[in-house]
Structures are given as C-alpha cells and as structure tokens.
Amino acid sequence: MSVKGHVLARIFEALDACERENLWPRVLHRSVPLERPKQAAHGDLATNVAMTMARTAKMNPRDIAQAIVDHLGASPDDPVITAAEVAGPGFINLSLARKLFLSSLAEGFAQRERWGKSRELAGERILVEYVSANPTGPMHVGHARGAVTGDIIARLLKAAGAEVHREYYVNDAGVQVRHLAHSVYVRAQEMVVDTLPYVGFVPDQLAPDDYQGEYIIDVARKLLEPLTRQSREGLITSPFIEILSWLQDAVVDLVMKEMIEPDLALFNIKFDKFFRESELHESGRVREAINTLRGKGLVEKRVLPPPKGQERADDEIPPTSEPLLVMRTTEFGDDVDRPLVKPNNQYTYFAGDVAYHWDKLQRGYTRLINVWGADHAGYVQRVRAAIAALGYDPKVFEVVLVQMVNLVRDGVPVRMGKRSGNFVTLREVIEEAGQDATRVFFTERTSTSQFDFDLALAKKQEDINPVFYLQYGHARAASILRKASERGIELPQVTAENLQGLALPEEMDLVQRLLAYPEVVTGAAKTLEPHRIIAYLKETIGAFHSYLTRYKSTEKVLSDDPVKTRARLALVLALKLTLGNALDLIGVSAPEQMTRTDE
RNA sequence: GCGCCCGUAGCUCAAUUGGAUAGAGCAUCGGGCUUCGAACCCGAGGGCUGGGGGUUCAAGUCCCUCCGGGCGCGCCA
C-alpha cells in the first residue's frame, strides 16, 4: 500500500470515530484530499477535509480539524502518523514515520519497470486518433507537435492501465487527393513524354490548386518505377478522369508508405491502424450513418444561409442557393447546421467523419480521444453533436487541441504551404535536433500554449536544450553507481533496512519525490497532460543535483560509513529507476553516460 | 460580427485542478570544481498573475465584463 493509502485509512478511521460520537452528521461518501505541502514546515502531508466539511457540518473548520486530530492517535512511536496539528484556517498537517517512506520506496523499487504504472484506468478501451495529416505530402514541423502529444498521451493512458489503440485517419477521398493525383499525373507525363515513340503528345498543365512541391516528382518516379514501358505509356496517355480512381489509390499508398510512415518511424511513432476514409464510402458506412440520422429525423434538404459577419474578400467559392442535405447539428449545441452532401452529390468531409466516429463507437471504445490542431477547433462541436445524435454519450468524445507552432528563423516567420512546396519537413527537424530533443521540445509546454519554433535557435540551443538536463540526471546517477562498482563497493538491495541510513533532510525529500512518481503518471494520464512528466523530471533532477552539490565535501554518497553508503546507493538506485521509467514513458532515451559533442 | 484557445518576472513557460509566502529555465549581476560528472549548484535583482467586478473561509485557477494576441467561421480537409 502507498504512503497515502496508509494515511487515508487512518483519517477515515478518525472521521468514523468522530461521527460515532455525533460530533457532526455522518457523510457516506467523502473525498479526502491529501497533498504534499510546498513548505516543509507544514509537515509531510496535509489535508483540508475539515475546511471542505465546514459548510455542511455548520462548524468552524478549525474545530472540526481539532476533533479529527484528537482521534487520529498520532504519536512519535506510531508506525504511520507521528504528529498531527491544526494549522491556518483549518489544515491538518501530518508528520509521518520515516520507516513508512522507506518501506514504500522499497516496495516501489521492487516493481522495476512496472514502477509508476497502475491499474487506475483498467477496463477502459480508448482510441487515440492523432496526426491524421492529409496524405498529400511529407509531414512538416507543424505535425510534429500533434504526433508527439498523441504518442505520449497514448503511452500515459496505457501506463495507467487502459487498453489503448492508436489510429491515423487517412483522408484519401476528397478533392485534395484529386489534386495530388493530378499533380503526379502531370509530373509523370513530363517524365515519359520524351520517350514516346510518336510526337504530338501534349502533357497536361498543373492546375492552380495542384501541388508544386519537388516531392511530387519523387512520387511520380516511384509510381512509374515498377511499371513496364508499355504500362507507363498507357498510363500517361490515358485521360486523367479514366484512371483517376486507380491513380488516387496508388498515389496515396505511395505517400503513406514512402513518406509518412518512414518519417513517423524515425520518430518512433507507430499506429495500430491507418484508417482509410475511402473504406467508409466504399463499404456504404457513410450512407448507413446518414440513413440512421434520417431515421431520427435529423436530416433535411434545404438551403443553408451564407455565414454571418464579414463578407468574403475573395470569390473563390460562389454562393449557391441550391438546397443540400444537412444535419441538424444545432439541436446538439452546434452553431449552424452542417451539410452532409454537396450539390454535386458527393459526401462532405463531415459526412465521412460522422461515419468514422460512429464506426469507432461501434468497435466498442469507451473513450475517443482526438488530438487535433487548433485550426480544427471549430470542428469539435459538430462531431460531438453527431455522436450525441447517434445515441452515444457525447462525453466519450474528447479533443486535445494542440496549438499552432509558428515556425520562425532568426525571429522572422517562415511561411509554409504544402501546395507551394515551401515547408520544413519533420524529417529535417529530427535529423537536425534529434528525436529526444524534439520530443522534449514539444512536450515541455501545455498543449494549449502556442509558441514559436525558431530553427536558427534550435541549432544553437544545444546547451539550453532541456533534454540534456533530463538525461544528465539519469547519467549522473548511473555514474555514481559505476564509480561504486569501480571501487569494489557492492550495490545494495533496495530494502527498507538498507535505506535506514538515510538521515539528511534532502535525502528524505528525495525519497518523497520518488514516491510521488506513480501519482504524477496517473495525474498526467487523467488530465491528458504530457508536460507533467517533464515538469516532474526537472524538479526531481534539480533536487538530486542540489543534494549532491551541497554535500560534495561532507556527506558524499560513497562515504567511509558503510551504513550511510549502503543507504545512499539504494536511494540512487531508486532514483535512477524512476528517472529511467519516466524518460521511457515519454519516449526519450535514458543514457548511462553522456559525452559532449561540441567544443 | 460570432465561436474556440490564450494572457503569469525582460523572454520562454510552471503552479499538485480552489489551498498556506505564485515557482523554474533563459537573459543580467555575484559566488562555487585537487576528492561520487560544473551539460551542475548557491545567491541577488526582477510580479497589482492584462484591467475591473463577482462567487467563499480561501481565486493565477470558477462566473460576468472590457482590453490585447492566436485559430476558425459555405458546399476544403
């Protein structure tokens, strides 16, 4: 049982005792917050139950707190609570038995790579959808943040005991893919035109909305590569519209297999499934979803009004007054109703997404977590509406909105566009900064914060980069253990007995920080906030360095006193395990030693 | 104009989800390596938590309202 578990049991006993004496009305279900105070003077743990009870009990919180303290039975010899006192407006500050911490740490260490993992979310089946970048080119830095965030959220949920599947939704059915196919078609024609046995063939031209990027030529080359000369000629001389369907499929396949999947692999990000939007259309799932909505009377054919507010400056999309099939998402909190079928009789992207999320729900997931870019914020409400309309609890649908990354070079914004082909790829960033650093860079902050990614700075930042700090902590612990072995000191078992030699306040502080690790993991998992792991690492490592420095000339880990040495080595072992597990959780390597590459 | 996200030290961000005296890194200044790794540590300066109002024992955190920034706002994805 955890330290908090022991303490909670005692607090509940005390509450029971008070209620048996009718000091206040009995409450059946009560939560008791138990926190580690910021200030050491406030004890090892503190609770504010008394203050939360004051209102319903109609009593002074200090009086309640005092009654609880009186029934807590704290004494210096107690195996759990050695002292308890009322403080401030009604806090109860608790001092705990040293032995309790030490044996808890030993128990934790015994779990090895399982230390920090829990069964907190056991029974939940969670689908995490992330990246889902359009299959129209390589991934750029803008996708990196979502990729890292989604990956780590999946890892956190798994660590908390949930069954987790990772999915990438491939939008291979829209006009963008049509433009992609046409771009490749044109490039392929240009490559083959010279070898044609007859003259007079005129290649197509790239349309304004087609993709200009260099990589299109690569895709075209890869497309033609496996084909015989005859097939190549047949392909490029066929009218675009005739081979469109085949071409789209082939091109998306190439982009996914040759560009996106390898880049993700470079990042050590894997998916359980790449879900093709086209599957939903081909299998009739989209039609089925719309029919279901129709059966509920939520679909109608009508003219949608133009958007409110400012007039569109450009005339790209002419206003249409044709009636189209819309879903009444406004009945579920959306701003306006959303179209399902376009005037040209094609399904909208939204129609596909309704079917997709319906499919997810029918696969039995209890939670659907989508990691989306902030530019999709306006989309959340309509999908949630669809889920509610299909008869599911909209709360199962959660969206982590990852804010935009502004790419700058020396403070000057870098414009990016996939069509223009002007962008910095994910591959370039990873090759430049490394996987570990990129992961940390995108995980440090809350996903709601927007920030600039300065390419020039990223190079210079070697010393500033937080990843080194995180890894250095682990390496330094490893180094001490290595040094001990060099001196012929046997590494101790991490047991409560061996830890008994810990006496310094900084040592007990470290013990308590390590003991907090499992809660940090479950906390990060429950809030879907990966940055908490980084924050924990920074704080714990900071405390470790500080401890080592303070006692570097007085109380070293490897001292003349065998009892202290054994205890401190056991602490370092537990620390190294905890840091290693935490780094592993966020997909960052935990080196045994570090070597400087610069200077 | 409407919707969503955000506003905390000069800069980049935290703050145990409503708790006690708001903390780190970078930058600036000043210290600390003959002995376990100085990619480190210690100290100093720097704050009306954008402004105002409200909710309560308690607000950076929740509600309202202004101000400022980002994203989105047809039938693109």
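These values consider heavy atoms only, across backbone and side chains, with no hydrogens, waters or symmetry-generated copies. Order of the sequence lines sets the chain letters (A, B, ...), proteins ahead of strands, with each chain counted from 1.
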Self-check item: Length of the line joining His545(A):NE2 and C40(B):P, which is rounded to integer Å
Solution: 7 Å

Quiz item: Looking only at atom P, what distance separates C73(B) and C57(B), rounded to whole Å?
Solution: 45 Å

Quiz prompt | Rounded interatomic separation in angstrom, taking CD1 from Ile541(A) and C1' from A39(B) | solution = 12 Å

Quiz item: So what does Ala46(A) touch, heavy atoms closer than 4.0 Å: a base, only the sugar-phosphate, or nothing?
Solution: base

Quiz item: Does Gly333(A) offer a backbone N or O that forms a donor-acceptor pair with the side chain of Gln381(A) under 3.5 Å?
Solution: yes

Quiz prompt | Nearest-angstrom distance from the residue atom CZ of Phe332(A) to C1' of G3(B) | solution = 20 Å

Practice problem: For the pair Arg276(A) and Asp249(A), find out whether any cationic side-chain nitrogen is under 4.0 Å from an anionic carboxylate oxygen. | Solution: yes

N/O-N/O pairs, protein side and nucleotides 14-19 of chain B side, under 3.5 Å:
from: A14(B); atom 1: OP1; to: Thr446(A); atom 2: N; distance (Å): 2.6
from: A14(B); atom 1: OP1; to: Thr446(A); atom 2: OG1; distance (Å): 2.2
from: A15(B); atom 1: OP1; to: His531(A); atom 2: NE2; distance (Å): 3.0
from: U17(B); atom 1: OP1; to: Glu35(A); atom 2: OE2; distance (Å): 3.4
from: U17(B); atom 1: OP2; to: Glu35(A); atom 2: OE2; distance (Å): 3.4
from: U17(B); atom 1: N3; to: Arg532(A); atom 2: NH2; distance (Å): 2.6
from: U17(B); atom 1: O4; to: Glu529(A); atom 2: OE1; distance (Å): 2.7
from: U17(B); atom 1: O4; to: Glu529(A); atom 2: OE2; distance (Å): 3.2
from: U17(B); atom 1: O4; to: Arg532(A); atom 2: NH2; distance (Å): 2.2
from: G19(B); atom 1: N7; to: Asn48(A); atom 2: ND2; distance (Å): 2.5

Quiz item: According to a strict under-4.0 Å criterion, is Lys552(A) in side-chain N/O contact with OP1 or OP2 of G37(B)?
Solution: no

Exercise. Would you indicate which nucleotide in G37(B), A77(B), A20(B) comes nearest to any side-chain atom of Tyr349(A)?
Key: A77(B)

Quiz prompt | Gap in Å between the two C1' atoms, one belonging to G25(B) and one to C41(B), rounded | solution = 14 Å

Quiz item: Any side-chain N or O of Thr549(A) less than 4.0 Å from the OP1 or OP2 oxygen of C41(B)?
Solution: no

Quiz item: How far, in whole Å, is A59(B) from G52(B) if one measures between their C1' atoms?
Solution: 15 Å

Practice problem: Assign Leu481(A) to base, sugar-phosphate, or nothing according to its heavy-atom contacts below 4.0 angstrom with the strands shown. | Solution: nothing

Quiz item: Looking across every strand, which nucleic acid part, if any, lies under 4.0 Å from Gln381(A) by heavy atom: base, sugar-phosphate, or nothing?
Solution: nothing

Quiz item: Between C57(B) and Arg55(A), is there an OP1 or OP2 to side-chain N/O distance shorter than 4.0 Å?
Solution: yes

Quiz item: Under 4.0 Å between a Lys/Arg side-chain N and an Asp/Glu carboxylate O for Asp337(A) and Arg302(A)?
Solution: yes

Quiz prompt | Pairing partner (Watson-Crick or G-U wobble, both distances under 3.5 angstrom) of G72(B) | solution = C2(B)

Quiz item: Could you give the NZ-to-P distance, from Lys538(A) to C26(B), as a whole number of Å?
Solution: 10 Å

Quiz item: Under 6.0 Å between ring centres, would you say that holds for His357(A) and Tyr169(A)?
Solution: no

Practice problem: Report yes if at least one side-chain N or O of Arg178(A) is closer than 4.0 Å to OP1 or OP2 of C76(B); otherwise report no. | Solution: no

Quiz item: What class does the angle between the rings of Phe274(A) and Tyr168(A) fall in, given that below 30° is parallel, 30 to 60° is tilted and above 60° is perpendicular?
Solution: tilted

Quiz item: Given the P atoms of A24(B) and A77(B), what is the spacing between them in whole Å?
Solution: 50 Å

Quiz prompt | Derivation of the salt bridge (charged side-chain N to carboxylate O under 4.0 Å, His left out) call for Lys576(A) and Glu592(A) | solution = CA-CA 10 Å; Lys576(A) 178 168 175 275; Glu592(A) 291 293 312; 3.2 Å; yes

Practice problem: Remember a base hit wins even if backbone is also touched, and classify Val175(A) as base, sugar-phosphate or nothing at under 4.0 Å, heavy atoms. | Solution: sugar-phosphate

Quiz prompt | Interatomic distance, Asp334(A) CG vs G74(B) P [rounded to whole Å] | solution = 13 Å

Practice problem: Quick one: label Ser553(A) by what it contacts on the DNA or RNA (base, sugar-phosphate, nothing), any heavy atom closer than 4.0 Å. | Solution: base

Exercise. On RNA chain B, check which nucleotide each of Leu401(A) and Asn171(A) is closest to and give me the residue with the more 5' one.
Key: Leu401(A)

Practice problem: Quote, to the nearest angstrom, the C1' distance that separates G19(B) from C62(B). | Solution: 14 Å

Practice problem: Choose from C71(B), A38(B), C76(B) the nucleotide whose nearest atom is closest to any side-chain atom of Arg476(A). | Solution: A38(B)

Quiz prompt | Base-pairing mate for G7(B) - Watson-Crick or G-U, with both contacts under 3.5 Å | solution = C67(B)

Quiz item: Once you round it to whole Å, what is the distance between P of A77(B) and CZ of Arg276(A)?
Solution: 16 Å

Exercise. Assess whether one donor atom and one acceptor atom, taken from the side chain of Asn93(A) and the base of A20(B), lie less than 3.5 Å apart.
Key: yes

Quiz item: Rounded to the Å, how far apart are Leu528(A) CG and C5(B) C1'?
Solution: 16 Å

Exercise. Measure from NZ or CZ of Arg445(A) to the centre of the six-membered ring of Phe441(A) and say whether it is under 6.0 Å with the direction within 45° of the ring axis.
Key: yes

Quiz item: Taking any strand in view, what nucleotide pairs with U56(B) in a Watson-Crick or G-U wobble way, both distances under 3.5 Å?
Solution: none

Exercise. Name the nucleic acid region contacted by Asp337(A), choosing base, sugar-phosphate or nothing; use a 4.0 angstrom heavy-atom cut-off, strictly under.
Key: nothing

Quiz prompt | Geometric class of the His545(A)/Tyr472(A) ring pair [parallel <30°, tilted 30-60°, perpendicular >60°] | solution = parallel

Quiz item: Hey, does Tyr472(A) reach any base, or is it just sugar-phosphate, or nothing, if we go heavy atoms under 4.0 Å?
Solution: base

Quiz item: Is there a Watson-Crick or G-U wobble partner for U61(B) with both distances under 3.5 Å, and if so, which one is it?
Solution: none

Quiz item: Using atom P of each nucleotide, how far apart are U34(B) and A15(B) to the nearest Å?
Solution: 39 Å

Self-check item: Spacing of the C1' atoms in G47(B) and U65(B) (rounded, Å)
Solution: 24 Å

Quiz item: Is the number of heavy atoms from other residues, nucleotides or ligands within 6.0 Å of CZ (Arg55(A)) greater than 12?
Solution: no

Self-check item: Selection from U21(B), C36(B), A77(B) that lies nearest to any side-chain heavy atom of Val557(A)
Solution: C36(B)

Exercise. If A24(B) has a Watson-Crick or G-U wobble mate with both distances under 3.5 Å, name it; if not, just say none.
Key: U12(B)

Self-check item: Rounded C1' spacing from A9(B) to G3(B) in Å
Solution: 33 Å

Quiz item: Which whole-number value in Å describes the distance from Ile480(A) CD1 to C36(B) P?
Solution: 10 Å

Self-check item: Candidates G37(B), U21(B), C42(B) - which lies nearest the side chain of Ser546(A)
Solution: C42(B)

Quiz item: Counting only heavy atoms not in Glu490(A), do more than 12 fall under 6.0 Å of its CD?
Solution: no

Quiz item: Pro343(A) side chain: which of C75(B), A39(B), U35(B) is closest?
Solution: C75(B)

Quiz item: Contact class for Ala374(A) (heavy atom, under 4.0 Å): base, sugar-phosphate, or nothing?
Solution: sugar-phosphate

Exercise. Answer yes when Glu519(A) and Arg532(A) have at least one side-chain N-carboxylate O distance shorter than 4.0 Å, and no when they do not.
Key: no

Practice problem: Please work out whether G69(B) sits syn or anti, treating a glycosidic angle within 90° of 0 as syn. | Solution: anti

